[in-house]
**Q** 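Input: one structure, supplied below.
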Amino acid sequence: MTAPASFWLGTSWKMTKTLGEAEAYADDLRAAVEAGSVPPELRLFVLPAATSLATVRDRLDGTGVALGAQNAHPGPDGAVTGEVSMSMVRDAGASLVEIGHAERRTLLGETDDMVADKVAAAVSTGLTPLVCVGETAAERTHGETSDVLASQVRAALSRLGGSRPSELLVAYEPHWAIGSEGRPARPADVAEGLAVVRRALDEDLAGTPTSVLYGGSVHAGNAADLMTGLDVDGLFVGRAAWTAPGLLDLAHRCADALRQRRRRQPTPDLVSAIVRKDPR
Ligand code: 13P
């Protein structure tokens, strides 16, 4: 697994926003990008509802903000009432597709099997999967977090056959930390979950650029803490980024935290200078 250089920050709008609201958000974001007020070290992404994907694509064209779908069906286009296919969301502007979000697993019965099919379909359609994994509160209480996360990661990758995504995003999102009923996770809990996800990925994905994100009640007050001490490649936000100013505020906080993180990490030059001085 190869770690990416930049930091992902993005939001799923979930089941919110009329077309007019989606356009207004996209216009605000576009204006911020054009004004140079989006930190360049961040890779922003937005996952609108399927109804506004194409409109948001048009409004954000050329800004570098990545767009994604919140879900897509794994099968080819055809008679599946109420669904949209991977190729349809790609056509509407998605380069990412979210798969296996906690709300889909718990409210809509999305299983590891379905996740596996969707990941394989996304990869064969040229979309970057954004796979969500996370334990429920009960699984955590019963000490099953590591097993659940590792098995969700392995299941998600299990139908790829010989093919590999050109890039992969995995978000650790503990179910109990998500949404207005959620309880924000402590950085120590997040660190443990991220480590399990990375270990499970390492077994399968040598050479694939893979980012491990965290999501669940991320907001302006905890974003920096979640980043500075943790081995995390991005933050995946719901409510706190449902307005463009919310996303942009988080972007500045993340950029500051990234700078601090980099100051704390020795650069490769510094490491080799130390090794040359003290070659034990
Ligand atoms: P909240 O930030 O609203 O808890 O949602 C997080 C999430 O589900 C991102 O996928």
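Bear in mind the structure is a predicted one, so any value in this text is a computation, not a measurement. Atoms within a ligand are numbered from 1 in the order they appear, just like the ligands themselves.
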**Q** Could you tell me the residue and atom name of the protein heavy atom closest to atom 3 (O) of ligand 1, and the distance to it rounded to 0.1 Å?
**A**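 Result for atom 3 (O) of ligand 1: Arg239 NE, 2.6 Å.
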**Q** Are any of the heavy atoms in Gly179 under 4.0 Å away from ligand 1?
**A**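 It does, in that a heavy atom of Gly179 comes within the 4.0 Å cut-off of ligand 1.
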**Q** Does the side chain of Ser85 pick up a donor-acceptor pair with the side chain of Ser87 at under 3.5 Å?
**A**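 On atom types as modelled, these side chains qualify, holding a pair under 3.5 Å.
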**Q** Can you name the atoms of ligand 1, numbered from 1 with element, that are less than 4.0 Å from a heavy atom of Ile178?
**A**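 Close to Ile178: 4 (O), 5 (O), 8 (O).
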**Q** Using a strict 4.0 Å cut-off to heavy atoms of Glu173, name the atoms of ligand 1 that fall inside it.
**A**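 Within the 4.0 Å cut-off of Glu173, ligand 1 contributes 7 (C), 8 (O), 9 (C), 10 (O).
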**Q** Can a salt bridge be assigned to the pair Asp249 and Arg253 using a cut-off of 4.0 Å between side-chain N and carboxylate O?
**A**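 Salt bridge: yes.
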**Q** Could you tell me if any non-hydrogen atom of Ser217 lies under 4.0 Å from any atom of ligand 1?
**A**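 Under 4.0 Å: yes for Ser217.
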**Q** Should the pair Phe45 and Trp8 be assigned to parallel (<30°), tilted (30 to 60°) or perpendicular (>60°) ring geometry?
**A**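 It falls in the perpendicular class, over 60°.
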**Q** Which ligand 1 atoms are under 4.0 Å away from a heavy-atom of Gly238?
**A**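 By the 4.0 Å cutoff, the relevant atoms are 1 (P), 2 (O), 3 (O), 5 (O), 6 (C).
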**Q** Could you please spell out the steps behind the side-chain contact (heavy atoms from CB on, under 4.5 Å) verdict for Asp112 and Arg105?
**A** CA-CA 9 Å; Asp112 278 350; Arg105 290 182 192 257; 2.7 Å; yes
**Q** For ligand 1, indicate whether the residue His219 contacts it via side chain, backbone, both or neither (heavy-atom separation under 4.0 Å).
**A**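 Contact part for His219 vs ligand 1: neither.
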**Q** Quiz question: by atom type and distance under 3.5 Å, do the side chains of Thr11 and Arg239 form a donor-acceptor pair?
**A**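 Arg239 and Thr11 do not have a side-chain donor-acceptor pair below 3.5 Å.
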**Q** Would His101 count as a polar contact of ligand 1, with the cut-off being nitrogen or oxygen pairs under 3.5 Å?
**A**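 By distance alone, the answer is yes.
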**Q** List the residues meeting salt bridge (charged side-chain N to carboxylate O under 4.0 Å, His left out) with Arg59, not counting sequence neighbours, and say none if there are none.
**A**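 Testing Arg59 for salt bridge (charged side-chain N to carboxylate O under 4.0 Å, His left out), a comparison that skips the adjacent residues, returns Glu23, Asp27.
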**Q** Which residues pass the salt bridge (charged side-chain N to carboxylate O under 4.0 Å, His left out) test with Arg159, not counting sequence neighbours?
**A**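 Counting only residues at least two positions away or on another chain, Arg159 forms a salt bridge (charged side-chain N to carboxylate O under 4.0 Å, His left out) with Asp113, Asp117.
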**Q** Tell me the protein heavy atom at minimum distance from atom 7 (C) of ligand 1, and give that distance in Å.
**A**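 The closest heavy atom on the protein side is Lys14 NZ, 3.4 Å.
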